[in-house]
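One structure below.
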Amino acid sequence: MTDTRFDPSQADGRWQRAWDEAGTFTADTGSAKPKSYVLEMFPYPSGRIHIGHVRNYTMGDVLARYKRMTGHEVLHPMGWDAFGMPAENAAMEKNVHPGGWTRDNIANMKAQLKRIGFALDWTREFATCDPEYYGHEQALFLDLYEAGLVYRKQAQVNWDPVDMTVLANEQVIDGKGWRSGAEVEKRKLNQWFLKITDFADDLLDGLSDLENWPEKVRLMQENWIGKSRGLGFSFDLSNGERLQVYSTRPDTIFGASFVAVAADHPLARCVAEESAEAQAFVDLCKRGGTTAAEIEAGEKLGFDTGITALHPMDKSRRLPVYIANFVLMDYGTGAVMGVPGHDQRDFEFATKYNLPVLRVVAAEGTDADAPFAGEAEAGDGRIVNSGKLDGMSVDDAIRTVINQAEADGWGEGKTVWRLRDWGVSRQRYWGTPIPFIHCGDDSGDTCGVVPVPRDQLPVTLPEDVDFSVPGNPLERHATWKHVACPQCGGEAMRETDTLDTFVDSSWYFLRFASQPDNRPFDPEEVAKWLPVEQYIGGVEHAILHLLYARFWTRALNRIGMIDVKEPFASLFTQGMVTHETYSRMAGGKTVYYAPDEISREAKRALLSADGGEVEIGRVIKMSKSKKNVVDPDAIVAQYGADAVRWFMLSDSPPERDLPWSEAGIEGCWRFVQRAWRLFGQVDDDATGEDKALDRKTHQTTAAIADDIEALSFNKAVARLYELAGAIDKAAPSASRTQAIRTMIRLVAPMMPHLAEEAWAMHGGEGLIADAPWPKVDPALLVEDEVTIAVQVKGKLRDTLTVAKGLAKEELEALALASDKVQRSLGGAEIRKVIVVPDRLVNIVA
RNA sequence: GCUGCUGUAGCUCAGUGGUAGAGCGCAUCCUUGGUAAGGCUGAGGUCGAGAGUUCAAUUCUCUCCAGCAGCACCA
């Protein structure tokens, strides 16, 4: 009755067209069904879909299809994070326009995604480089400006000399640009900022409600926001000035033996102006480097300024003031009190410069004069050697000191954040133009910085731009920036900075929910769809994108545009797809080979070109430099979409890395064919009941539903293997036919093309994509027989198959009646019998 | 250094206070009109190490070891 093999090269395209033509995956906002918004982080259109995208989108797709089958109206959209520097780099290298390059890439990638059969609502597709999209973004930016959440200030910025742009703090890694890897320079520029710090407390508090976010991500955001409480206070200095410091441990104030300021602290600069020696030290600190390795080995260094500071609570003491390399200017006030006894950094510093190490906290059961064991003691204890603080707990002492500082007026309790306002200015072409106009020279006689009037939005990018030299083409464009001031009509200049692309991705999920022409989104439709029920993406976005999106949602909430505060109810961060590497030493260098250049045997790998052996390297993240990449298009062409999807879901738990292997995809291909053969065995003439198989079918149905809801796709896959095995072994019966029909629906979210083909073959109504998830009979979930273990002295000697719920006494009698038990007892006296109903009998002799 | 995650078959992973499992791989054999194959059978495990609780620990508790990831002179 059936073809003997499933042919994806025929079936895949046929069903993909069928879904398109029926508009199967178009979300209906008017639907009365419960809604479900499933979203994967939209891709940057680099030109090719990466296998990591395939894994990410397959997970979301299985969930989306499953939700449809369980009666939900599903919104599962896709779009393009289309602004950014690669397009400009391509423009410079290949002399193509960033827009054209991006459009071509999008067309390519969209075709690739379609070939994998994702259940996406393509009617809502957009790219962030569409003027309609970024025009609305400009309007939102003006809204936030009017609400006081956007401001401009001169700020020292991280300047990437290769990309010729400003980088956010988060984009500087170990002092180098995150993209270019170039050493970052400090420059002062007028920059646009978003007031994310206004929401610092709320963003932090909100984390505790995000129960369906990975603990790891919440922790990373918490650390990033970095809230700390302490005492801000000032020292009176011997040069007549005052020095502000911040400490989270004011309880240890009597243990202070020095004060230290950062090398770029105003006081340090002041000292350096008068002392060549100090200047030399400041220069040394700046060259000091900030990489992890350097910090690791980093010795604490200081320069004694000769200035002294008066201890605020013990006027008999003056503390030396140092410039120190371990004090950071951009945290707190850039100056600290050094308490060597109870801070490891201060301890190392004091040891080096022979400063007193005072004990002011004594741990439980230790002496007030106990010596230090070569390191600082940062732990809890009672306060000692601190005058009237003596005997207090650390917490009490902190409160007492803060209270006294406030009462005496030399300091106050203070909360310090690590989080800074978000600098969004980028000196690039391929981004959203910032909708402002500069009238005159900011001297005050002219209008200054003026918002672009709403009716002139969007401010679009000029098409005729020149990328032959580095820097910002908007800046040097002949006409684009020259405009009339909207207020006075005089000559004025457009802002030539564009927005950080993280702004684009901070609200795209709202635009997916609704896309009116005349405004960014329709609040009512947003209210219907949001929050995103399940968001899936890479953990590399744990801080930046996710924090910014949370911030934008809150900001739009504050100005009354939307009701939600948290955009993503559940977050899932999937693991990477990895692959072993193949390499060989040649001419003193390691040369890598791509998987398709290799023929892989059980224990070795041979290079197809010359038949010689190559070294099999570790299984690592796929990267171009190691050549351990596989091309989704090629494998889909070879094995069909369903086998590739199946591989993406099987083996590894989704949050962990998935090692790609040739053997693995071959196995998936075979299972697709095995399932196809099984589905061909539907026999509507078969009669008779197979209770055990019925149970297995219903148990599997229930378990897979749970697995998919929990995104445990690898477990669902394992259960389908089991079910296939059980059906294979079962004799023909009505139950078996039913099991096969059920299994077709169970695989539908994962192998949709195969499932449609089988569904059609067996006369299923409509598309299986619209079919309901199989019903579960709760009565069939429980077994009525159980296998009991019989142990003698803790060792298994026999098993018994008995009715479920059999009484203890009967179990004991049955166990003692066993020959095997009697033999292993060998006539020994029975001391005790432990009976656990439905589990085991243990006879202790 | 701090935090988190992970250690179960050759590989990738399920699982459980009471009989240790799946897929792939491997070995033997069968079929060659399911053939870019299909099937039978089998080998393979100190459940990371140690201690504790228990009649019974791979599972619970504690300590340690290893691997991976993130953060890191944040006062």
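Chain naming here is simple, since letters A, B, ... match the order of the sequence lines and numbering starts at 1 in each. Just so it is clear, the structure is predicted and the values come from calculations on it, not from any experiment.
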Would you indicate what [X] reaches in the nucleic acid, counting non-hydrogen atoms under 4.0 angstrom: base, sugar-phosphate, or nothing?
X: A/Asp346; result: nothing
X: A/Arg656; result: sugar-phosphate
X: A/Leu328; result: base
X: A/Val717; result: nothing
X: A/Gln638; result: base
X: A/Asn223; result: nothing
X: A/Pro214; result: nothing

Say you pick atom [atom1] in [N] and the same atom in [M]; how far apart are they, in whole Å?
N: B/C5; M: B/U54; atom1: P; result: 29 Å
N: B/A37; M: B/C30; atom1: C1'; result: 14 Å
N: B/C40; M: B/U28; atom1: C1'; result: 10 Å
N: B/G44; M: B/A49; atom1: C1'; result: 23 Å
N: B/A66; M: B/A56; atom1: P; result: 32 Å
N: B/A57; M: B/G52; atom1: P; result: 11 Å
N: B/U32; M: B/A14; atom1: P; result: 41 Å
N: B/A22; M: B/A43; atom1: P; result: 12 Å

Does [X] have its ring centroid less than 6.0 Å away from the ring centroid of [Y]?
X: A/Phe6; Y: A/Phe679; answer: no
X: A/Trp660; Y: A/Phe647; answer: yes
X: A/Tyr322; Y: A/Phe303; answer: no

- Does A/Arg674 or A/Gly667 map to a spot on RNA chain B nearer the 5' end, using the closest nucleotide for each? A/Gly667
Any [X] side-chain N or O less than 4.0 Å from OP1/OP2 of [N]:
X: A/Arg249; N: B/C74; result: no
X: A/Arg418; N: B/C71; result: no
X: A/Lys216; N: B/C71; result: no

- Note on the structure: Winner on side-chain proximity to A/Phe326, out of B/A75, B/C73, B/G39, is B/C73
- Report the C-alpha separation of A/Leu658 and A/Met576 in whole Å, then their side-chain angles, then the decisive distance to 0.1 Å, and conclude whether the side-chain contact (heavy atoms from CB on, under 4.5 Å) test is met. CA-CA 6 Å; A/Leu658 172 68; A/Met576 295 179 298; over 6 Å; no
- Residues touching RNA chain B, which here means a heavy atom under 4.0 Å, drawn from residues 721-728 of chain A: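 Correct list: A/Tyr721.
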- With syn defined as a glycosidic angle within 90° of 0 and anti as everything else, classify B/G42.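 For B/G42, whose glycosidic angle is more than 90° from 0, the conformation is anti.
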- Message: If a pair means Watson-Crick or G-U wobble with both distances below 3.5 Å, what does RNA chain B look like in dot-bracket form, with | marking bases paired to a different strand?
- Response: (((((((..((((....[..)))).((.((.......)).)).....(((((..]....))))))))))))....
- Message: Measure CZ/A/Phe713 against C1'/B/A14 and give the value in whole Å, please.
- Response: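 It is 16 Å, rounded to the nearest whole Å.
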